[in-house]
Engineer: 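The structure under discussion is supplied below as structure tokens; questions concerning it will follow.
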Amino acid sequence: MIVTRFAPSPTGYLHIGGARTALFCFLAARKGSGKFILRMEDTDQKRNTPTAAQQVMKDLAWLGIMWDEGPEVGGENGPYYQSERLDIYNKYMQQLLDSGRAYYCFDTPEELQIQREKAQQDKRTYTYDRPEVLPDVAAVERAEKEGRPVVVRFAMPGNDIVVQDVVRGGVRFGAAEIGDFIIQKSDGFPTYHFACVVDDELMGVTHILRGQEHLMNTPGHIALQEALGFRRPVYAHMSVTISEGGGKLSKRERGKVLRQAIKEAEGLDHAELAQVGGVSVEEFAGFLNKKNELDGPNITAIAEHIHVHLPEINVVDFLHSGYIPEALVNFVSLLGWNPGDNREIMPIEELIEAFDINRLNKTNSLFDRKKLISFNTEHMRIIAPEKLLEHFKRYLEVVESPIGKADDKTLAHLLKICEGARTLEDVATKSMFLFVDKVEFDEKAVKKVLQKDGVAELMKLTQSALAALETWDAHSLHGAIEKLCEEHQVGMGKVAQPLRVAITGTMVSPPIDESLMLLGKERTLKRIDDTLEFIS
RNA sequence: GGCCCCGUCGUCUAGCCAGGUCUAGGACACAGGGUUUUCAUCCCUGCAACACGGGUUCGAAUCCCGUCGGGGUCACCA
């Protein structure tokens with residue numbers, strides 16, 4: 001049976017790159033009718049936040065990447081938070097210490113830094129200088145008394161190590177390239193390398209799919225496995241997704257774009273923005289001066305407040321932008337993998353069926369948001385309407401849209417008449433006119449549509465035609481407008497466009513008959529009145 | 001800088017391992033045209049790539065070497 005795992009360090013929101021790794025692990029497990037484990041690698045006491053693990057799980061669940069074993073769902077190999085497994089690690093740590101495969105060190109950060117710089121000068125790889133005689137327990141006590149940090153290092157074997165990788169083939173690492181690395185920190189916690197190797201063995205992980213950035217760690221992990229008598233899992237180091245600007249997809253990008261937008265907008269009230277973002281004025285000023293970065297939610301709040309579109313980086317960002325998870329998952333699955341034929345738009349079941357670890361490719365890929373939009377458009381079209389409704393409600397909730405107050409029937413209807421929309425945000429934008437008390441006229445719309453000769457006259461005629469209408473449904477409305485056009489020998493646009501601006505204030509809305517129907521007779525006639533007054 | 005990985009249209013990629021069927025296929029983007037009451041959708045057409053230089057071979061996108069370019073990694077982070 002194939003067992004995979006996704007092991008994030010809960011330090012913030014789930015990043016789109018992490019989602020991709022998780023997805024491939026999930027697909028590999030499902031395809032092999034195996035097991036997908038979620039494990040929280042929270043061994044860094046300084047960086048972990050209590051809410052981050054929850055958020056990561058929420059994001060995974062939204063994407064439909066559910067784990068068979070892990071936090072919340074449990075399993076036979078728990079606990080699934082590494083911070084709760086310290087005694088397990090200590091047992092193996094002792095084993096290594098006893099057999100002389102690990103040893104204590106007492107170097108200060110400054111001392112190590114000097115060594116590193118020296119190696120840099122000599123243009124060689126820095127590796128830790130293992131002492132001839134390994135420190136004993138007495139030495140540990142002495143070091144503690146002197147207040148020196150005590151860590152444990154793993155004694156690497158002196159041979160080359162070849163990593164057999166599904167994606168890369170055999171990759172050889174010279175013995176001189178990998179030094180004795182730290183497996184236990186001075187706070188007593190294991191490092192990632194150690195905890196990861198122990199847990200993968202204990203949890204029976206058979207296939208490790210992870211980003212290429214971990215390839216250099218792998219020889220160390222393999223050496224650890226051998227010293228501990230562990231099995232060796234199958235490794236697959238996947239290509240990574242890089243940003244349009246080159247380099248890793250980074251959360252800094254959002255800050256960069258926001259800073260730029262604030263600078264260009266000019267005259268914005270910084271104190272107000274700081275308040276919207278939930279940060280102090282000083283913090284906000286520091287952010288603008290690139291002195292510090294702001295947290296994801298703070299940046300998102302400010303951007304939404306001033307209507308600036310930021311590049312999506314975290315999974316939640318995509319939710320906020322109105323993407324649906326089916327599209328995101330599908331799109332991301334095609335970054336570094338493909339089914340081998342020309343299929344592209346695929347629901348998750350099809351992805352599972354088509355998945356093959358041997359078709360993972362080696363080259364890094366760029367994240368192209370334009371293509372994502374196209375995937376989103378298509379998935380919004382093919383998804384079951386009930387599911388789309390659920391996504392829509394979730395979206396409206398997180399962006400705190402007043403549309404969220406509407407009942408299911410109305411929302412479903414809005415989704416239906418907005419068919420062809422690219423994102424849920426588009427649907428919301430088009431529907432907004434129904435949820436405002438007073439129309440605000442868009443400057444461009446006024447100029448292009450309302451300030452034309454004869455508009456007022458035709459609109460008055462339209463108004464009386466609509467007022468005379470007995471049944472207020474899309475069909476009758478359509479008929480009435482059509483009739484009006486025929487009588488006055490004008491195209492549909494001549495009547496529909498001014499009407500659209502009158503009831504929405506903009507040039508964009510669902511089909512005019514549907515829009516009028518939803519608005520209702522009374523409100524429609526009132527808005528036409530207001531418009532006539534406005535243009536006279 | 002050391003080490004490691006990678007290099008097919010602007011982008012995601014098929015083809016490469018098992019050389020000929022490749023005047024290199026698909027998708028997105030872009031350009032032009034069409035449908036439509038707006039936006040969007042939809043339909044048609046077009047543009048567009050084997051990084052470069054050497055080999056091996058009757059024959060190279062495919063195998064080998066070099067150059068250049070890109071990415072990763074060099075923590076008591078994971």
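Here is how names work: the chains are called A, B, and so on, in the same order as the sequence lines, proteins then strands, and each is numbered from 1.
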Engineer: As a test of reading the structure: which of B:rU13, B:rG72, B:rC76 is closest to the side chain of A:Glu213, going by heavy atoms?
Structural biologist: B:rG72

Engineer: Output the single nucleotide from B:rU11, B:rC28, B:rG25 whose closest atom is nearest the side chain of A:Leu366.
Structural biologist: B:rU11

Engineer: Which nucleotide, B:rU13, B:rA78, B:rG71, lies nearest any side-chain atom of A:Arg47?
Structural biologist: B:rA78

Engineer: In whole Å, what separates the C1' atom of B:rU73 from that of B:rU13?
Structural biologist: 27 Å

Engineer: Determine the Euclidean distance between corresponding P atoms of B:rC74 and B:rC58; express it in Å to zero decimal places.
Structural biologist: 48 Å

Engineer: Between B:rG25 and B:rG46, how far is it from one P atom to the other, in whole Å?
Structural biologist: 12 Å

Engineer: Taking the side chain of A:Gln212 as its heavy atoms from C-beta onward, which of B:rG26, B:rU37, B:rC5 lies nearest to it?
Structural biologist: B:rC5

Engineer: So, A:Asp473 versus A:Ser476: side-chain donor-acceptor pair below 3.5 Å or not?
Structural biologist: yes

Engineer: Compare the minimum distances between each of B:rU37, B:rA75, B:rG25 and the side chain of A:Arg116, then state the nucleotide with the smallest one.
Structural biologist: B:rA75

Engineer: Identify whether any heavy atom of A:His193 sits under 4.0 Å from a base atom; if not, whether one sits that close to sugar-phosphate; answer base, sugar-phosphate or nothing.
Structural biologist: base

Engineer: In whole angstrom, give me the gap between the C1' atoms of B:rU57 and B:rC64.
Structural biologist: 12 Å

Engineer: Taking pairing as Watson-Crick or G-U wobble with both contacts under 3.5 Å, can you name the mate of B:rC42, or confirm there isn't one?
Structural biologist: B:rG34

Engineer: Nearest to the side chain of A:Lys371, which nucleotide is it out of B:rC28, B:rA14, B:rC42?
Structural biologist: B:rC28

Engineer: Can you tell me the base-pairing partner of B:rC3? Count Watson-Crick or G-U wobble geometry only, both distances below 3.5 Å, and say none if there is no partner.
Structural biologist: B:rG72

Engineer: In terms of relative ring orientation, are A:Tyr89 and A:Phe194 parallel, tilted or perpendicular, with 30° and 60° separating the classes?
Structural biologist: perpendicular

Engineer: NA contact type, A:Thr11, heavy-atom cut-off 4.0 Å: base, sugar-phosphate, or nothing?
Structural biologist: nothing

Engineer: Mind calculating the distance between NE2 (A:His478) and C1' (B:rU37) to the nearest angstrom?
Structural biologist: 9 Å

Engineer: Measure from the side-chain heavy atoms of A:Glu344 and tell me the nearest of B:rC3, B:rC39, B:rC12.
Structural biologist: B:rC12

Engineer: Looking at B:rC5, B:rC28, B:rU13, which one has an atom nearest to any side-chain atom of A:Arg168?
Structural biologist: B:rC5

Engineer: In this structure, is the centre-to-centre distance between the rings of A:Tyr323 and A:Phe375 below 6.0 Å?
Structural biologist: no

Engineer: What does A:Ser509 touch in the nucleic acid at a heavy-atom separation under 4.0 angstrom: a base, only the sugar-phosphate, or nothing?
Structural biologist: base

Engineer: Can A:Arg148 be said to sit on top of A:Phe106's aromatic six-ring, NZ or CZ under 6.0 Å from centre and within 45° of the ring axis?
Structural biologist: no

Engineer: Looking only at side-chain atoms of A:Ile242, point me to the closest of B:rA14, B:rC28, B:rG71.
Structural biologist: B:rG71

Engineer: Between A:Lys46 and A:Asp426, which is nearer to the 5' end of RNA chain B once each is assigned its nearest nucleotide?
Structural biologist: A:Asp426

Engineer: Would you mind writing out the side-chain donor-acceptor pairs for residues 481-492 of chain A within the sub-3.5 Å range, not counting sequence neighbours?
Structural biologist:
unit_1, atom_1, unit_2, atom_2, d
A:Gln489, NE2, A:Glu486, O, 3.3

Engineer: Applying the Watson-Crick and G-U wobble criteria at under 3.5 Å, what pairs with B:rG20? Answer none if nothing qualifies.
Structural biologist: B:rC58

Engineer: Partner lookup for B:rU67, please. Criteria are Watson-Crick or G-U wobble with both distances under 3.5 angstrom; report none if nothing qualifies.
Structural biologist: B:rA51

Engineer: By nearest atom, which of the nucleotides B:rA78, B:rU38, B:rC28 is closest to the A:Thr191 side chain?
Structural biologist: B:rA78

